[in-house]
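Just so you know, ligand 1 is whichever comes first in the structure, and atom 1 is the first atom listed for that ligand. Positions are given from 1, in the same order as the sequence printed here.
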Amino acid sequence: MTADRQDRPEGAPVGRRVVLGLLGLGALGIVGGSTLQKGLSAVLEPIETRDPTGLVSLLPAGGTFRFYSVTGAVAQPDAGDYRLTMSGLVQRSGTYTLADLQAMPQTDLVRDFQCVTGWRVPHVPWSGVRLGHLLDLAGPTRAADAVRLTSFDGTYTESLTLEQARRADVLVALRMSGGPVSHDHGGPVRLHVAPMYGYKSLKWLSGIELTQGVRPGYWEGSGYSVDGWVGSSNGRDDDPTG
Ligand SMILES: Nc1nc2c(c(=O)[nH]1)N[C@H]1C(S)=C(S)[C@@H](COP(=O)(O)O)O[C@H]1N2
Ligand SMILES: [Mo]
């Protein structure tokens with residue numbers, strides 16, 4: 001089983017919506033024996049899944065990523081057009097290009113990636129700039145105690161406490177699985193919050209804003225835990241550090 005789909009063409013659009021009715025899939029999943037589920041996996045294989053509800057993830061698909069987006073087509077900026085903005089309660093707001101980020105110290109990590117809906121990809125290599133490094137450059141003011149992340153998909157948001165954001169295993173990721181972060185995976189720059197569930201790892205990162213007080217992110221408005229530590233929700237994670 002391959003760990004990823006980095007063999008897909010660079011910059012391929014995030015896939016079509018899953019064409020099978022979600023309700024139908026749910027019903028099949030419930031009645032399905034392993035043969036039926038295998039068949040369904042095969043049917044689903046060529047379809048890049050977008051699964052905002054997480055229902056499709058109930059199907060078995062061990063060890064592979066699913067591509068998630070809560071929006072329709074997401075812009076694909078040319079590498080030269082990418083910008084990351086630091087703003088809010090900081091002494092030095094600023095804007096970074098991809099080249100700026102690439103010129104900063106890079107941190108490598110290998111971690112399991114786990115979606116709260118149950119799928120998990122073991123031993124994924126990540127590389128990028130520690131979020132803490134960018135925070136040091138910006139200099140949070142005394143009032144700042146949280147970070148709000150925004151995406152250039154225009155919709156998804158996430159947040160971390162400043163303490164969480166400064167962890168050594170929280171990256172502004174530029175590389176993943178041995179190559180640049182692909183468009184589908186949130187490239188050219190995404191967040192990777194290694195110790196937390198996948199929903200904290202915001203894709204298509206465009207803004208880092210220092211705030212006073214954590215502002216719950218996109219899914220957290222629907223009940224996901226703001227502190228998305230792996231193992232805190234479903235109890236099946238025995239090896240969060242991979
Ligand atoms: N902008 C954005 N970031 C996002 C999401 C999303 O829908 N939009 N989904 C989150 C969820 S729930 C997971 S599990 C991971 C999935 O990452 P992947 O699409 O690279 O597999 O991205 C997270 N970051
Ligand atoms: Mo997820």
Side-chain angles (χ1 to χ4, degrees), residues 2-8 10-18 44 47-59 61-77 82 84 111-122 124-128 131 148-160 170-208 216-226 228-234 236-237 240:
T2 55
D4 198 353
R5 298 216 191 145
Q6 285 293 327
D7 53 331
R8 291 154 43 82
E10 192 65 33
V14 171
R16 290 157 289 160
R17 286 183 186 283
V18 173
L44 282 171
I47 305 169
E48 292 106 42
T49 42
R50 288 172 61 189
D51 183 19
T53 61
L55 280 174
V56 173
S57 302
L58 298 175
L59 294 167
T64 57
F65 276 97
R66 295 176 178 275
F67 296 109
Y68 282 175
S69 177
V70 296
T71 62
V74 177
Q76 280 182 253
Y82 175 80
L84 172 61
R111 291 290 187 276
D112 292 359
F113 188 86
Q114 186 168 331
C115 175
V116 74
T117 60
W119 57 268
R120 174 179 185 145
V121 185
V124 183
W126 297 87
S127 175
L131 179 53
R148 175 176 158 82
L149 294 314
T150 49
S151 167
F152 62 79
D153 72 8
T155 303
Y156 204 85
T157 57
E158 256 306 332
S159 55
L160 294 166
V170 175
L171 299 185
V172 169
L174 310 180
R175 297 175 63 78
M176 169 184 179
S177 304
V181 177
S182 69
H183 175 72
D184 283 355
H185 280 305
V189 180
R190 78 177 291 172
L191 198 70
H192 180 232
V193 183
M196 296 190 182
Y197 285 112
Y199 66 90
K200 302 297 291 188
S201 291
L202 173 140
K203 308 204 295 184
W204 306 297
L205 177 65
S206 60
I208 300 171
Y218 181 89
W219 287 117
E220 294 149 17
S222 328
Y224 280 31
S225 169
V226 177
W229 304 112
V230 168
S232 63
S233 298
N234 62 9
R236 67 190 284 279
D237 192 80

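The distance criterion of under 3.5 Å between nitrogen or oxygen atoms is not met by Trp119 with respect to ligand 1. Polar contact with ligand 1: absent for Trp219 (N/O pair, distance under 3.5 Å).
Looking at Ser69 against ligand 1, only its backbone comes within 4.0 Å, counting heavy atoms. With a 4.0 Å cut-off on non-hydrogen atoms, Arg190 touches ligand 1 through its side chain and not its backbone. Neither the backbone nor the side chain of Phe152 comes within 4.0 Å of ligand 1, counting heavy atoms alone. When non-hydrogen atoms are compared, ligand 1 lies under 4.0 Å from the side chain of Phe113 (C-beta onward) but not from its backbone.
Distances from ligand 1 to the non-hydrogen atoms of Gly186 include no value under 4.0 Å.
Glu220 contributes atom CD, which lies 4.5 Å from atom OG of Ser159 (distance to the nearest 0.5 angstrom).
Tyr197 contributes no side-chain N or O that, together with a main-chain N or O of Thr117, makes up a donor-acceptor pair within less than 3.5 Å.
Nearest heavy atom pair, residue Leu84 against residue Gly207, reads CD1-N, 3.8 Å. The two residues Ala194 and Arg111 come nearest to each other via the heavy atoms CB-CG, 3.8 Å. Nearest heavy-atom pair, Pro188 versus Phe152, reported as atom, atom and distance to 0.1 Å: CD-CZ, 4.2 Å.
The single protein non-hydrogen atom nearest to atom 10 (C) of ligand 1 is Tyr156 OH, 3.4 Å, given as residue, atom name and distance. Looking at atom 24 (N) of ligand 1, its nearest protein heavy atom turns out to be Ser201 O, 3.0 Å. The single protein non-hydrogen atom nearest to atom 21 (O) of ligand 1 is Arg66 O, 2.4 Å, given as residue, atom name and distance. Closest to atom 23 (C) of ligand 1, if we only count protein heavy atoms, is Gly198 O, 3.2 Å. Protein heavy atom nearest atom 1 (N) of ligand 1, with residue, atom name and distance: Asp153 OD2, 3.0 Å.
Between Trp119 and Tyr68, the distance from one ring center to the other falls under 6.0 angstrom.
In this pair, Trp219 and Tyr224 present their aromatic rings parallel. The plane angle is below 30°, not in the 30 to 60° band. Ring geometry, Phe65 versus Trp126: the interplanar angle exceeds 60°, so the pair is classed perpendicular (tilted spans 30 to 60°).
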Item to check | Lys203 vs Glu158, salt bridge (Lys or Arg N to Asp or Glu O under 4.0 Å): CA-CA, chis, key distance, verdict | outcome: CA-CA 10 Å; Lys203 308 204 295 184; Glu158 256 306 332; over 6 Å; no
Next on the checklist: Set out, in order, the CA-CA distance, both residues' side-chain angles and the distance that settles side chain to side chain contact (heavy atoms under 4.5 Å, CB included) for Leu171 and Leu191, then state yes or no.
Outcome noted: CA-CA 6 Å; Leu171 299 185; Leu191 198 70; over 6 Å; no
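For ligand 1 and Val70, the ligand atoms under 4.0 Å from any heavy atom of the residue are 7 (O). Near Phe67, meaning under 4.0 Å from one of its heavy atoms, ligand 1 places the atoms 19 (O).
The option with the heavy atom closest to atom 19 (O) of ligand 1, from among Lys203, His185, Lys200, is Lys203. Of the options Trp204, Phe65, Tyr68, the smallest heavy-atom separation from atom 9 (N) of ligand 1 is shown by Tyr68.
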